[in-house]
Amino acid sequence: MPNAFRSIGLISRATSVIGNRLFRHDDLQNSQFIYLMRIIENPGITQTALADQLHVDPSTCLRTVRKLIAHQYVARQADAHNKKLRPLVATTEGQALYPELQAYEQHIIAIGTHGLTPGEQLILEELLAKVATNVREYQDTQNDD
């Protein structure tokens with residue numbers, strides 16, 4: 001079983017390295033393309049919710065969001081109901097990258113699931129979702145300490 005988790009780590013690192021190389025010309029480094037995708041897919045997401053969704057610590061998320069803002073891919077909005085909230089939205093420049101980001105994600109999925117039947121793909125998705133839930137629940141108990 002340890003090999004399964006090592007495989008998950010390898011997949012994560014490899015896709016991140018490939019994505020970083022692919023989007024380097026857009027000044028997206030250190031997996032910033034993943035943050036940008038999530039912001040585009042969830043307009044108005046808060047930085048806290050983004051960090052939670054990506055399972056990163058708040059300071060890492062803050063640094064990455066600042067870089068996306070500096071490159072004018074993301075902007076902070078004022079929340080009409082709560083002045084303390086500063087929801088994140090993709091700018092026109094950020095939105096323009098989405099088709100390329102989405103195509104990369106679909107390409108990586110196609111490569112990773114090559115040779116799997118549709119049934120095997122479904123089983124893989126279900127099993128990985130269960131593993132992710134288990135690890136997330138464990139992580140949450142560790143954060144309570």
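Below, all heavy atoms of this structure are taken into account, side chains as well, without hydrogens, waters or symmetry copies.
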Tell me, yes or no, whether the heavy-atom count around E41 atom CD, taken from other residues, nucleotides or ligands under 6.0 Å, exceeds 12. yes
More than 12 heavy atoms of other residues, nucleotides or ligands under 6.0 Å from CD of E120: yes or no? yes
For the backbone of S12 and the side chain of S16, can you confirm whether one donor and one acceptor N or O come within less than 3.5 Å of each other? no
Ring pair (Phe, Tyr, Trp, His ring centres under 6.0 Å) involving Y35 - partner list, sequence neighbours excluded: none
Determine, step by step, whether T46 and R86 satisfy the side chain to side chain contact (heavy atoms under 4.5 Å, CB included) criterion, reporting the C-alpha distance in whole Å, the side-chain angles of both residues, the deciding distance to 0.1 Å, and the verdict. CA-CA 7 Å; T46 64; R86 302 280 293 169; over 6 Å; no
Enter the distance from Q32:CD to D27:CG here, rounded to the nearest 0.5 Å. 8.5 Å
Can you name the nearest heavy-atom pair linking Q29 to N20, along with the distance? C-OD1, 3.8 Å
To the closest 0.5 Å, what do you measure between OG1 (T15) and CD1 (I108)? 6.0 Å
Shortest non-hydrogen contact from P87 to A78? CD-C, 4.5 Å
State whether the side chain of E137 and the backbone N or O of N134 hold a donor-acceptor pair below 3.5 Å, judged by distance alone. no
Quick check: do I34 and L101 have side-chain heavy atoms less than 4.5 Å from each other? no
Nearest-0.5 Å distance, CD1 of residue I111 to CD1 of residue I18: 6.5 Å
Check step by step if side chain to side chain contact (heavy atoms under 4.5 Å, CB included) holds for Q53 and N42. CA-CA 11 Å; Q53 189 178 96; N42 302 282; 3.6 Å; yes
Separation between OG1 of T113 and CD1 of I109, rounded to the nearest 0.5 Å: 7.5 Å
CD1 on I8 to CG on L128, rounded to 0.5 Å: 5.5 Å
For the backbone of D26 and the side chain of Y73, can you confirm whether one donor and one acceptor N or O come within less than 3.5 Å of each other? yes
Please work out which of the three classes, parallel, tilted or perpendicular, describes the rings of Y104 and F33, given edges at 30° and 60°. perpendicular
Identify the residue among T64, L36, V89, T91 that makes a side-chain contact (heavy atoms from CB on, under 4.5 Å) with V74. L36
When you group the ILVMFWY residues by side-chain heavy-atom contacts below 4.5 Å and let the links chain together, are L50 and L97 in the same group? yes
Check against side chain to side chain contact (heavy atoms under 4.5 Å, CB included), I45 and R38: CA-CA 9 Å; I45 191 170; R38 296 304 173 270; 5.6 Å; no
Where at least one partner belongs to residues 46-69, residue pairs that pass salt bridge (charged side-chain N to carboxylate O under 4.0 Å, His left out), sequence neighbours excluded: D52-R136
What heavy-atom pair brings Q95 and A90 nearest, and what distance separates the two atoms? NE2-CB, 3.8 Å
Just how far is it from atom CD1 of I39 to atom CG of L68, taken to the nearest 0.5 Å? 5.5 Å
Is the number of heavy atoms from other residues, nucleotides or ligands under 6.0 Å of H25 NE2 greater than 12? yes
